[in-house]
Amino acid sequence: MIRSTVKELFAGGKLNEAVLLKGWVRTRRGNKKVAFIAINDGTTIHNMQVVADAEKFPEALLKQVTTGCSLSVKGRLVESLGKGQQVEIHAESIELLGACDPEVYPLQKKGHSFEFLREIAHLRFRTNTFGAVFRIRHALSFAIHKYFNDKGFYYLHTPIITASDAEGAGAMFRVTTLDLVDPPRDDQGKIDFGQDFFGRSTNLTVSGQLEGELGALALSSIYTFGPTFRAENSNTPRHVAEFWMIEPEMAFYDIDDNMDLAEDFLKYLVRYALDHCKDDLDFLNNMIDKELLERLQFILENDFVRISYTEAIELLEKSGKQFEFPVGWGADLQAEHERYLVEQEFKKPVILTGYPSEIKSFYMKQNEDGKTVRAMDVLFPKIGEIIGGSQREENHEKLLKRMREMEIPEEELWWYLDTRKFGTVEHSGFGLGFERLLMFVTGMSNIRDVIPFPRTPKSAEF
RNA sequence: UCCUCAGUAGCUCAGUUGGUUAGAGCGGCGGACUGUUAAUCCGUAGGUCGUAGGUUCAAGUCCUACCUGAGGAGCCA
């Protein structure tokens, strides 16, 4: 007999047929006469109830049917006699695939704190919440590829190990095969990376953007979607040391095209989740965040507000609100400022553009005013900055000048500069933090709970 | 990295101005119950009070350092 999944059985079509189901026991209830076994196989948030007539099965077998054990059940799928589920399986045979000692199995029927579940990250997939979160994570990964593929973008694999440490996106993790106890040293006593595996100093990537630009300046539109690493000692619910980032990069796009794409992309992903993950989102809306579905719907129905950094500063100054950090042109916006704009002033997602060049990266296109660059940050309610991007500086002279001003080693980025020498064109791109998107879509409030095995300072157990 | 808070049973927590034998709910185990839905009811076991020092006649409780976790800030995605 072919195994059916819980999802298939709830989809209908097998009513009153003999079926085979395999999965893990969530709960067992009952009495001397009858046992009710809730089985979950991860294919859906819902459990299948198996009803076992106690007289038909050895007591020793039913005794081993405890929370967490794995079972193979043959039986008939019938309309449920009880309330709470439409169908159930009346068991004809039950095979214990793997026992689960209830005295030491850490998951119980009752809810656990997310902090505790992080300590047993290898088992937390078996809970309703994490099952839902990781099914949604899968669905959105797939949707990202679908979106870009349908739009004619090419998926470009940018390197995980990079030689340049000039990407300017934060502290990096070193990659080396040198003996850390006794590394080779040069005349000055400094570590000689010439003897390292790649013959030079290398790190884990903090962004695929620079390589992404190389691809876009030949293939028109590309995107990367892969792991990214930041060795920042950040201890917040919005940061992890290893996270997944989506970085589209488009030739012949200016900053307005870039904003249009970012807004369309985010709305597409939210809609995809609503269309394909209804059961899981309903569960999360019920258990985690009562306003989740409302907020997702709201994103779809409203245009993002687009204002310049200068206008934002004026609004903040006029607001009459007392901020902990002073507002003034030239200073970066603090979290409280961004929160005010998104949650009080507009109550919508906001795209901020035209930041002062001093507070932004070297590769961003300089505006004619000589003071600002064509950067854009997309700010979302609850989670803050979800996207950072810009139109890139395509003028070789201006880019070189800016690199020298900001002391970016131009010899290391000769290949990047080459693109501005050989048929340069206007182009743009942005980075979307996948986990931050997931936080928004699932309503989970800690980034450690939307990635299977979070990497944070002092924590890499699994 | 800075600030704040927390760490007591497998989990979630209570524990008074320092004072005898550290409590509860859930989970586990044993039992009862003819269809349960986080079942219910009765019973029961379970603790190096984060670690190391210190103060005191006496420390879960006060002090110091460290470790771990959470929230806020910074960095950013």
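Just so it is clear: chains get the letters A, B, ... in the order the sequence lines come, proteins before strands, and each one is counted from 1.
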Worksheet item: Please walk me through it: do A:Tyr147 and A:His145 pass ring pair (Phe, Tyr, Trp, His ring centres under 6.0 Å)?
Response: CA-CA 5 Å; A:Tyr147 178 84; A:His145 289 298; over 10 Å; no
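With rounding to whole Å, A:Phe229 atom CZ is found 14 Å from B:A77 atom C1'. Going from atom CD of A:Glu115 over to atom C1' of B:G50 covers 16 Å, rounded to whole Å. Across the protein-nucleic acid pair, A:Tyr105 atom OH and B:C29 atom C1' stand 19 Å apart, rounded to whole Å. When rounded to the nearest whole Å, the span between CG of A:Asn235 and P of B:C3 equals 13 Å. A:Met48 has its CE atom 19 Å from the P atom of B:U36, to the nearest Å. Summarising the geometry, the separation between CD on A:Glu324 and P on B:G74 is reported as 8 Å, rounded to the nearest angstrom. Computed from coordinates, the A:Glu103 CD to B:U44 C1' distance equals 12 Å when rounded to whole Å. As a whole-Å value, the separation of A:Glu461 CD from B:G69 P is 11 Å.
Separation of the C1' atoms belonging to B:G46 and B:U64 is 34 Å when rounded to the nearest angstrom. Separating the C1' atom of B:U48 from that of B:A52 is a span of 14 Å, rounded to the nearest Å. With both ends at atom P, the span from B:A14 to B:C57 equals 31 Å, rounded to whole Å. Using P as the reference atom, B:U56 and B:C11 are 36 Å apart when rounded to the nearest Å. B:C63 sits 23 Å from B:A22 when the C1' atoms are compared, rounded to a whole Å. Comparing B:C67 with B:G23, their C1' atoms sit 28 Å apart, to the nearest whole Å. Atom P of B:U4 sits at a distance of 36 Å from the matching atom of B:G47, rounded to the whole Å. The same atom, P, is picked in B:C62 and in B:U20; the two are 16 Å apart, to the nearest Å.
If you check B:C11, B:A73, B:G69 against the side chain of A:Phe116, the one that comes closest is B:C11. In this structure, the nucleotide among B:U12, B:G69, B:U36 sitting nearest to the side chain of A:Ser113 is B:U12. The side chain of A:Phe325 lies closest to B:A73, out of B:C76, B:A73, B:U1. Looking at the side chain of A:Lys109, the nearest of the listed nucleotides B:G28, B:A70, B:G35 is B:G28. Closest to the side chain of A:Thr236, out of B:C75, B:G69, B:U1, is B:C75. Nearest nucleotide to the side chain of A:Gln49, out of B:U1, B:G35, B:U68: B:G35.
OP1 or OP2 of B:C33 has not a single side-chain nitrogen or oxygen of A:Asn31 nearer than 4.0 Å. Phosphate proximity of B:A38 to A:Asn128: absent, as no side-chain N or O sits under 4.0 Å from OP1 or OP2. Contact annotation: A:Arg448 reaches the phosphate of B:A70 (side-chain N/O to OP1 or OP2, under 4.0 Å). For A:Arg339, a side-chain nitrogen or oxygen approaches OP1 or OP2 of B:A73 to under 4.0 Å. Regarding contacts with the backbone of B:U36, every side-chain N or O of A:Arg29 stays at 4.0 angstrom or more from both OP1 and OP2. Proximity of A:Arg28 to the phosphate of B:U37: no side-chain N or O atom is located under 4.0 Å from OP1 or OP2. Phosphate proximity of B:G30 to A:Lys63: present, with a side-chain N or O under 4.0 Å from OP1 or OP2. Here A:Lys32 reaches the OP1 or OP2 of B:C33: one of its side-chain N or O atoms lies under 4.0 Å away.
Shown here, B:A59 forms no base pair; nothing in the strands shown gives a Watson-Crick or G-U wobble contact with both key distances under 3.5 Å. Pair check for B:C33 finds none; no Watson-Crick or G-U wobble contact set falls under 3.5 Å. Using Watson-Crick or G-U wobble geometry with both donor-acceptor distances under 3.5 Å, B:A70 finds its partner in B:U4. The partner of B:A65 is B:U51, by the rule that a Watson-Crick or G-U pair needs both atom distances under 3.5 Å. B:C13 and B:G23 make up a base pair, with Watson-Crick or G-U wobble contacts both under 3.5 Å. In this entry B:A77 has no Watson-Crick or G-U wobble partner, no candidate having both defining distances under 3.5 Å.
Note on ring orientation: taking the six-membered ring where Trp is involved, the planes of A:His337 and A:Phe323 are perpendicular (angle over 60°, cut-offs 30° and 60°). Below 30°, between 30° and 60°, or above 60°: for A:Phe462 and A:Phe453 the angle between ring planes is between 30° and 60°, a tilted geometry. Relative ring orientation between A:Tyr272 and A:Phe142 is described as tilted, the plane-to-plane angle lying within the 30° to 60° band. The aromatic rings of A:Phe134 and A:Phe125 lie tilted to each other, with the angle between the two planes from 30° to 60°.
Residue A:Glu88 places a side-chain atom within donor-acceptor reach of the base of B:G35, judged by atom type and a 3.5 Å distance cut-off alone. In this model, no side-chain donor or acceptor of A:Gln108 finds a partner on the base of B:U12 within 3.5 Å. A:Arg436 contributes a side-chain N or O that forms a donor-acceptor pair with the base of B:C76 under 3.5 Å. No N or O donor and acceptor, one from the side chain of A:Asn47 and one from the base of B:U37, sit under 3.5 Å apart. In terms of polar N and O atoms assigned as donor or acceptor, the side chain of A:Arg238 never comes within less than 3.5 Å of the base of B:A77 in a complementary pairing. Remark: the A:His112 side chain and the B:C11 base include no donor-acceptor N/O pair separated by less than 3.5 Å. One N or O donor and one acceptor, one from the side chain of A:Gln85 and one from the base of B:U37, sit under 3.5 Å apart. Side-chain atoms of A:Ser234 stay outside donor-acceptor range of the base of B:C76, with no qualifying N/O pair under 3.5 Å.
Remark: A:Glu59 does not engage A:Lys63 in a salt bridge, criterion side-chain N to carboxylate O under 4.0 Å. Ion pair A:Asp260/A:Arg306 flagged as a salt bridge, since at least one NZ, NE, NH1 or NH2 atom sits closer than 4.0 Å to an Asp/Glu carboxylate oxygen.
For A:Phe430 and A:Tyr253, the distance between ring centers is not under 6.0 angstrom. A centroid separation of less than 6.0 Å is found between the aromatic rings of A:Tyr223 and A:Tyr155.
A:Tyr355 and A:Asp332 share no donor-acceptor pair across their side chains, judged by distance under 3.5 Å alone. Checked by atom type, the side-chain pair A:Tyr340/A:Glu345 shows a donor-acceptor distance below 3.5 Å. Neither side chain, A:Thr228 nor A:Arg230, offers a donor N or O lying under 3.5 Å from an acceptor on the other.
Near RNA chain B, meaning a heavy atom under 4.0 Å away, the residues from residues 372-391 of chain A are A:Glu385, A:Ile386, A:Ile387.
No aromatic stack links A:Phe434 and the base of B:A77, using centre distance under 5.5 Å and interplanar angle under 30°.
For the pair A:Leu333 and A:Phe36, both in contact range of RNA chain B, the more 5′-proximal nearest nucleotide belongs to A:Phe36.
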